[in-house]
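What follows is a set of notes on a single structure, which appears directly below.
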Amino acid sequence: MLFEDICAANRLRNTLDSVHGELDRRALLTADVIGVTTTGLARDIATLRKRRAKVVVCEEAAEVLEAHMISALMPGVEHLIQIGDHQQLRPQINNYSLSLETPQGMLYQVDRSQFERLAVGEPGTPPMPIAQLNIQRRMRPQIASLIRDTMYPALQDHPSVSDLPDVVGVRENVFWLDHQHMEDTAGDEGRLKSHSNKWEVSMTKALVRHLIRQGAYKSTDIAVLTPYTGQLQKLRASLGEDFEISLSDKDEEKLAQEGFDLLVDTSVDGNDGKSTASNQPSFQRKQLLDSLRLATVDNFQGEEAQVVIVSLVRSNTSRKVGFLRTKNRINVLLSRAQHGLYLIGNKDTYTNIPMWANVRNQLGAVGAVGTAFNLCCPRHTDTPIQCASPEDFILYSPEGGCNIPCDKRLSALCGETCPKEHCQECGHKADSRVDLLEFKSYKELDLDETPIVVIDCGHFFTAESVDGLVSMIQVYATDEEGRYTGLLKPSDMLSVPCCPDCKRPIRQFATRRFNRIVNMAVMDETAKKFRIQGENGLEGFRHRAAEAEKSLRGSQTVFLKAAQRMAGAETRSNTKMKEKGSTSVTGRYSECRALEDDIAKFCRRMGTEQQPSKKLHDAILKSRERQPLDSLLGQLAINDDNDQTMIPAPDKQIILHGHQLLLSVGMVILQDQVTITKKSPTGSVTRAPFNIPKRVDTLLKGYHGLIQQAIEEKLLRVTVRGIIGYARVMAAAHSSRSLCFAKGSKPEQYVNTARALLDAGVKLCNGSIDTDGSMQAELEDLQGLLRREWYEEVTEEEIRAIKSAMVSGPGGISTHSGHWYKCQNGHVFAIGECGMPMELARCPECASPIGGRSHSLVNGVSRAQEMEG
């Protein structure tokens, strides 16, 4: 009956598809041109065959597998036109070993397109004639020459590319930065999935920040390319601190396939992975929240950008180049840039490849290979600036400019503009009081020594006056001369600063110098409100969790009686009763399941999307979208390379409390399941739905992760609560090992871990986090509980197995080879051989006398007939 229904459904589906296909065919009859992908063509081949097209045009034919191209050669085709470039990337296949880049793949040539086969030819077959476009309109001649001399000797430059503007902020438009910093995977290729280079990540980030600070490029004008997904992940983590990162769907899928998560990788600060925040000066721009194009070379074909920065990654003594040894990939990599191309890599590693050697020679001949970028201050173009490391950008070009004081009358910082109405020489504000310390007027100031700051309300004061008013020293460290040298973490929450004259609050991004102060104050206020909202939500969940636990405990007796009746029904093969019993078991925890779902949703709501930092981030993006490009310089602020004021890390305190509460609900379910399972009849349906070992394992891992996160966030109370939770799980599981641990597992390892965590928790409670001593008392109780020896009640199945082993076989009790006895306290033991006592001993459980002499039992010992029946 089921088979017939399936066949009937298939027939109806085929009929419906035929009707839809006929409708499509009728629609196509009126079309002069039909556009379709190769996948769509294969899917609708029956409909397209009926149309009998005479001409087929395939765009990007060099990236189409020959099998797909053959499927396009339908009956009636008279003319096939393929457009593409077989010297760029070949079709992508899933099995790398079958590609032309491997010796084995040369036998199959799966990734060779029909376009390439016909254009290049085969042994015994001449190449087919092809037409080539020889005039390029994309890149400046200096970039085009890199592929002209290696791939396209007939390539010509259109006159329009000769007038392309120079890259702003860098003296060379094309440059290869050579370095000797080894790749991360050097010598360890067997363990890591992909290659990466921490130093190149830091250098790329520094160069991108420098270019963006010039104010001459939009978000889509700069692209960062790399051949490896491992480097792509590190670049996304590092650049994501300052930019909105744009990845293609293919790169996203590749990262997911190779197991790279979205967590921020903090190990990209330099050669040794150590943080350099303490060495960075404080005069930096605010967070640069532009969308930046980041891609692997394979997934950037067909795209372009004004400035392309390439992280080559590979740097090793064995001179292994990897993916970039093929001319096709090198061709794509070198032909994406329009105005500027910057390569970051070890030239000694790459120049054993002929095409790379040619590129190195071309660039070397014009002085475009070196160990340092030659930067250019847009205002002091004659000032030489060389940056050979990420730290050099901060030291020598801290604001995207240089260290020379600006010649504008209002600023001692390079890059600020001079409003005409505030000009000291030609303005009308000479008598304004601007010095709040010495009460000097504007005309009395020497602006070369005492610069002024104009705030958004229109009032202006000396920088020293406003700096003291807004408490700059709470955020910035200073040297003996009063210059800002680093960042401080404010000890108290900041308040929004106000104008000393009109008392209006200083708005965000209105006054560049005080952006950090204003943003931190706004963040403090919003974060406080957000935390209060989270605490209120957690309090409601705690109440629901307590009610759910109370309900489960109160209903255990009734539930177990119902389980006994169901067990009787099972022996009578009553299917309906079995189904009813199973349903009642799964429905018992419906309230707990709903509570878990609500807590999980709450944690997501309190995550990044709803954090005050994310809302501020979105507001910045919207504000920037509404502003013209020439106004972006007005949003510059004092910042450093690791600035988290604009987008600070999410406040995880509420989230971790939510995770703790979620685990506590799971603990309530575990305790109830253990109790019910131990008291339920053997084989009852009340046992079937429970997978107690899996729940124990999940809870232990959950609490362990909670403890680690709490330690990282320095949340001591959450750490201790996580330790208590871990120990409570072990206390519940240790007393029922057969139920709570799978066969082959080692519970003692978890017990030892719990004991070590409890010892650490007691030390933490010696501080100020446990004011009433309740947590320390709970820790000490759990310590005592986990140090005791545990005994479990022998189950009926175990007793039957013991009886069978003792009775059956050539040496069993049936052959008079032993007997069972009980000590005076009822503990069972056995005497082998003839089964009669010949020596005295002590019970291993209660130490009472057992055994006897000369076949006579000691007083208090009796036969355990129930074990021999």
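Residues S389 and E391 have side chains that bring a donor and an acceptor to within less than 3.5 angstrom of each other. The closest side-chain donor-acceptor pair between D298 and T296, if any, does not fall under 3.5 angstrom.
Counting only residues at least two apart or on different chains, the ring-ring contact (aromatic ring centres under 6.0 Å, His included) pairs with a member in residues 137-179 are F175-F373, W176-W356, H179-H181, H179-W199. The ring-ring contact (aromatic ring centres under 6.0 Å, His included) contacts involving residues 294-333 comprise Y228-F323, where partners must be two or more places apart or lie in separate chains. Within the structure, salt bridge (charged side-chain N to carboxylate O under 4.0 Å, His left out) pairs that include any residue of residues 345-362 comprise D178-K347 (at least two apart or interchain). Residues in residues 159-174 take part in these salt bridge (charged side-chain N to carboxylate O under 4.0 Å, His left out) pairs, two or more places apart or across chains: R140-D166. Listed by first and then second residue, the salt bridge (charged side-chain N to carboxylate O under 4.0 Å, His left out) pairs that reach into residues 84-105 are R90-E116, E101-R329, sequence neighbours excluded.
Residues meeting the side chain to side chain donor-acceptor pair (under 3.5 Å) test with N94, sequence neighbours left out: none. Evaluation of the side chain to side chain donor-acceptor pair (under 3.5 Å) rule for Q142 yields no partner, not counting sequence neighbours. Residues satisfying the salt bridge (Lys or Arg N to Asp or Glu O under 4.0 Å) test with E304, not counting sequence neighbours, are R138. Contacts of E63 classified as salt bridge (Lys or Arg N to Asp or Glu O under 4.0 Å), with partners at least two apart in sequence or in another chain: none. In terms of the salt bridge (Lys or Arg N to Asp or Glu O under 4.0 Å) criterion, residue partners of D157 (sequence neighbours excluded) are, by chain and number, R148. Remark: R319 pairs with no residue by the salt bridge (Lys or Arg N to Asp or Glu O under 4.0 Å) rule, at least two apart or across chains. Listed by chain and number, the residues in a side chain to side chain contact (heavy atoms under 4.5 Å, CB included) with I81 are V55, V57, H79, I83 (sequence neighbours excluded).
A donor-acceptor pair is defined here as one N or O able to donate and one able to accept, closer than 3.5 Å; such a pair exists between the side chain of T204 and the backbone of E200.
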How far apart are the C-alpha atoms of E66 and S113, what are their side-chain angles, what is the distance that settles it, and do they pass the side-chain contact (heavy atoms from CB on, under 4.5 Å) test?
CA-CA 5 Å; E66 182 161 8; S113 64; 6.0 Å; no
